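Comments concern the structure below.
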Amino acid sequence: MYEKILVATDGSNLSKKAVTSAISLAALTGADLVALKVVPRYPQSYFEGGLALQAAEVGRIEKQWADEGQAVVDDVKKKAELQGVKTRALIIKSDIVSDAVIAAAKKHKCDLIVMASHGRRGVKRLLLGSETQQVLTHSHIPVLVLR
């Protein structure tokens with residue numbers, strides 16, 4: 001049914017449920033898995049008048065984010081491979097998570113995207129947006145959303 005499944009994770013508890021489901025589905029269908037964590041390109045201050053970060057501080061923060069992201073996808077890979085699922089652990093730097101998820105799925109020739117939805121409503125959704133909704137809207141391959 002599926003040959004390659006991309007699972008997008010942010011390391012949250014809800015995301016871990018999506019990872020568990022993606023691993024089970026991959027094991028059931030014999031699919032390979034691509035575990036993806038999207039990390040921001042560089043720290044930004046969203047407040048007017050905020051202090052600019054020094055280059056060394058930006059580098060330190062970017063390395064920390066990359067290391068933490070790699071740890072998240074390495075954990076997914078370890079869990080999947082214990083179930084016999086061939087897995088690629090991948091981190092991508094991008095400020096637009098939904099675009100990065102869709103681009104990674106296309107690049108790695110995935111035929112399903114699995115991700116969690118935090119189910120935000122009202123003002124929180126308006127302010128924080130919905131990366132899952134953007135993936136659903138713009139993806140040309142099926143998307144399995146778990147809550």
Side-chain angles (χ1 to χ4, degrees), residues 1-46 53 55-147:
M1 180 175 216
Y2 298 112
E3 293 180 23
K4 195 175 286 185
I5 299 170
L6 182 139
V7 61
T9 182
D10 62 7
S12 67
N13 286 334
L14 184 58
S15 183
K16 288 177 184 178
K17 289 181 183 179
V19 165
T20 300
S21 294
I23 292 170
S24 296
L25 184 59
L28 183 67
T29 62
D32 291 347
L33 192 67
V34 176
L36 173 67
K37 169 78 169 97
V38 180
V39 296
R41 288 190 184 278
Y42 56 89
Q44 298 177 359
S45 173
Y46 293 99
L53 296 172
E57 184 67 7
V58 169
R60 184 192 66 76
I61 293 169
E62 285 181 325
K63 182 178 179 341
Q64 178 182 343
W65 286 344
D67 291 347
E68 289 171 357
Q70 192 66 52
V72 168
V73 293
D74 285 347
D75 185 55
V76 173
K77 181 176 181 173
K78 181 180 170 186
K79 289 176 181 173
E81 289 182 344
L82 285 173
Q83 293 190 37
V85 176
K86 182 180 171 188
T87 304
R88 178 171 185 178
L90 182 65
I91 61 167
I92 295 178
K93 291 183 181 180
S94 177
D95 293 324
I96 304 173
V97 174
S98 58
D99 287 352
V101 170
I102 293 168
K106 183 177 180 179
K107 178 179 178 181
H108 295 279
K109 297 177 175 52
C110 297
D111 45 16
L112 179 68
I113 297 171
V114 177
M115 58 192 309
S117 174
H118 291 276
R120 293 184 182 102
R121 299 185 190 282
V123 174
K124 280 187 179 179
R125 179 167 182 192
L126 183 64
L127 292 175
L128 299 174
S130 171
E131 296 300 340
T132 304
Q133 183 64 42
Q134 290 299 312
V135 172
L136 280 168
T137 303
H138 298 289
S139 176
H140 294 289
I141 66 169
V143 180
L144 175 61
V145 179
L146 299 157
R147 291 181 89 181

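Note that the coordinates shown come from a computational prediction; the quantities given were computed from them, not determined experimentally.
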Using every non-hydrogen atom in the two residues, find where [X] and [Y] come nearest and quote the distance to one decimal.
X    : Y    : answer
S117 : L14  : O-CD2, 2.9 Å
T132 : A116 : OG1-O, 2.8 Å
A8   : S15  : O-OG, 3.9 Å
V39  : G69  : CG1-CA, 4.4 Å
V7   : A18  : CG2-O, 4.1 Å
D95  : P40  : OD1-CA, 3.8 Å

Minimum side-chain heavy-atom gap [X]-[Y] below 4.5 Å:
X    : Y    : answer
I23  : K79  : yes
V135 : M115 : yes
V34  : D32  : no
L6   : I141 : no
L146 : V114 : yes
V85  : I5   : no

Donor-acceptor contact below 3.5 Å, side chain [X] vs main chain [Y]:
X    : Y    : value
K4   : H108 : yes
T9   : V73  : no
D111 : Y2   : no

Mind checking the [atom1]-[atom2] spacing from [X] to [Y]? Nearest 0.5 Å is all I need.
X    : Y   : atom1 : atom2 : result
D10  : K37 : CG    : NZ    : 6.0 Å
K107 : I92 : NZ    : CD1   : 7.0 Å
K16  : D75 : NZ    : CG    : 7.0 Å

Is E3 atom CD crowded by more than 12 heavy atoms from other residues, nucleotides or ligands, each under 6.0 Å away? no
Any ion pair linking D74 and K78 (charged N to carboxylate O, less than 4.0 Å)? no
Evaluate the criterion side chain to side chain contact (heavy atoms under 4.5 Å, CB included) for residue pair L25 and L112; output intermediate values, then yes/no. CA-CA 11 Å; L25 184 59; L112 179 68; 3.5 Å; yes
